[in-house]
2 protein chains.
Amino acid sequence: MFTSNISYQERIEKQTSRRTFDRSKGIAVAKSLFHECGFDAVGIAKLTQALNINPPSLYAAYGSKANLFEFAIEAYIAENNLPVNEILAPERDTSDALKELVHQAACLYVRSETERGCMVAEGMRAADQKARMISNYYCKLSREFIKNFIVQKQPDKAEELADYIVVSLQGLSAAAFAGLPASRVLSVANLTGIGISSLISS
Amino acid sequence: MFTSNISYQERIEKQTSRRTFDRSKGIAVAKSLFHECGFDAVGIAKLTQALNINPPSLYAAYGSKANLFEFAIEAYIAENNLPVNEILAPERDTSDALKELVHQAACLYVRSETERGCMVAEGMRAADQKARMISNYYCKLSREFIKNFIVQKQPDKAEELADYIVVSLQGLSAAAFAGLPASRVLSVANLTGIGISSLISS
DNA sequence: AGCATACTATAGTGACCACTAAAGATTGAT
DNA sequence: ATCAATCTTTAGTGGTCACTATAGTATGCT
């Protein structure tokens with residue numbers, strides 16, 4: 001989408017029965033490494049060692065480190081995505097829905113001891129510009145989704161409330177990544193939920 | 001404190017009238033670069049070019065890149081620090097004080113077009129472990145200061161409220177760093193303030 | 001003047017970075 | 001069986017990383 005002319009699906013489908021390493025598994029491993037360490041701290045050497053392959057195999061399969069990162073982010077979203085269609089169902093109370101979204105996201109950010117925070121939010125801080133652009137794009141997608149939910153019932157507050165939710169999630173992700181214990185992250189998420197209630201009822 | 005056996009003051013005082021580059025200015029330049037680009041994205045080459053010196057001069061003056069980063073953070077705190085002793089004056093209303101703290105911090109995070117967010121908060125995401133440790137330490141200092149203010153009047157909520165404030169600031173810093181326009185960052189800070197009110201009065 | 005000190009600049013260190021040229025190996029199709 | 005395609009491996013590319021050994025130079029002290 002940003003750096004590749006060939007999509008994730010196209011690449012996967014090209015895989016034949018030939019002797020080859022498992023591309024899907026490669027993306028899963030890369031996702032874990034990128035999530036745990038961040039884009040900048042994961043080198044090609046670390047990736048190829050984790051996959052037990054050589055650099056050319058990695059490049060033949062994914063094109064570049066940035067490409068692989070984007071595949072990994074897509075996998076992250078596909079696997080870890082919250083059931084947002086249920087959480088942000090149109091008929092739900094705005095406040096309840098947003099509170100649950102923040103709570104569920106916080107749970108996601110601390111459920112692993114090693115892969116902390118939101119991979120997208122953390123990717124936005126990478127020193128590498130491509131990694132930042134990719135992450136920013138998926139963050140924007142999320143914000144739009146949240147905004148479109150809010151706009152149905154609170155159109156006048158949709159923009160600023162969407163910003164508020166996204167920024168809150170960025171803070172929770174940062175805290176989780178920095179090592180704040182799960183219980184305290186969830187406590188902050190709970191306080192954020194109380195804040196959301198007061199913002200919507202006012 | 002973490003990586004040096006020689007303090008900032010000691011180094012500065014050692015400066016004689018000999019032909020030498022301005023150490024304080026070097027720290028100021030490094031601070032701007034680190035703040036704008038992040039620890040990882042600023043190499044020795046970039047620093048020495050900006051200061052118009054050679055690497056050995058930089059190492060003679062500051063010891064290491066991590067040392068220089070710590071000096072830069074100290075300078076950042078000294079120069080950009082909010083008047084926290086006034087904002088968090090003991091006699092002030094807890095809610096008003098915390099709201100102003102968040103507002104002033106948000107203003108700080110977006111006042112420059114290039115140096116966005118909080119240098120300490122952003123440093124906590126560096127790929128370099130030393131930079132993370134240094135940043136985490138100063139973040140912890142800030143949290144303690146906030147907690148000690150809250151504990152005077154709301155001792156039962158001090159810990160979780162302090163976490164809430166710090167996480168909110170981390171979110172605002174991340175948003176500012178990612179390029180969210182100043183007006184929207186300030187708007188989110190304002191909403192956070194409303195949330196703080198409801199948390200304290202409840 | 002002579003000397004030790006403290007900074008400087010030149011020029012490099014090995015290690016790592018993302019990435020690839022070239023050739024071998026395995027496959028499916030003919 | 002042969003060939004083309006596609007993967008693999010080996011072995012590297014040039015570049016940048018943080019950092020430094022060595023030697024030159026300007027300074028203050030005696």
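Per chain, numbering begins at 1; letters A, B, ... match sequence-line order.
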Taking CZ from B:Phe69 and P from D:dC19, how many angstroms apart are they, rounded to a whole number? 14 Å

Check the distance between D:dT9's C1' and A:Leu51's CG and give it to me in whole angstrom. 16 Å

Got a sec, which pairs hit side chain to side chain donor-acceptor pair (under 3.5 Å) with one end in residues 33-48 of chain B, sequence neighbours left out? none

With the side chain defined as heavy atoms from C-beta on, B:Asn54 is closest, among C:dC17, C:dT10, D:dT20, to C:dT10

Check the surroundings of atom CG in B:Asp156: do more than 12 heavy atoms from other residues, nucleotides or ligands lie under 6.0 Å from it? yes

Could you state the atom-to-atom distance from CG of A:Leu68 to P of C:dC19 in whole Å? 10 Å

Let me spell it out: for each of A:Ala45 and B:Ile53, pick the nucleotide of DNA chain C with the closest heavy atom. Which residue's pick is nearer the 5' end? B:Ile53

I want to verify a distance call: between C:dC7, D:dT20, C:dC19, whose nearest atom is closest to the B:Arg23 side chain? C:dC7

Is the positively charged end of A:Lys31 above the ring of A:Phe69, judged by distance under 6.0 angstrom from the centroid and angle within 45° of the axis? no

Below 4.0 angstrom from OP1 or OP2 of D:dA18, is there any side-chain N or O of B:Ser64? no

Could you tell me how far apart B:Asn67 (CG) and D:dT20 (P) are, to the nearest whole angstrom? 11 Å

Indicate whether OP1 or OP2 belonging to D:dC19 is found under 4.0 Å from a side-chain N or O atom of B:Tyr59. yes

Would you mind reading off the distance between A:Asn52 atom CG and D:dC7 atom P, rounded to a whole angstrom? 18 Å

Which nucleotide in the set D:dC19, D:dA11, C:dA18 lies at the smallest distance from any side-chain heavy atom of A:Pro55? D:dA11

When rounded to whole Å, the CD1 to C1' distance for the pair A:Ile44 and D:dT16 reads 15 Å

Given C:dT8, is OP1 or OP2 found less than 4.0 Å from the side-chain N or O atoms of B:Ser57? yes

How close or far is atom P of C:dA9 from atom CZ of B:Phe21, stated in whole angstroms? 10 Å

Can B:Arg111 be said to sit on top of B:Tyr109's aromatic six-ring, NZ or CZ under 6.0 Å from centre and within 45° of the ring axis? no

Set of side-chain contact (heavy atoms from CB on, under 4.5 Å) partners for B:Pro56, sequence neighbours left out: B:Asn54

Once you round it to whole Å, what is the distance between C1' of D:dC19 and CG of B:Leu47? 13 Å

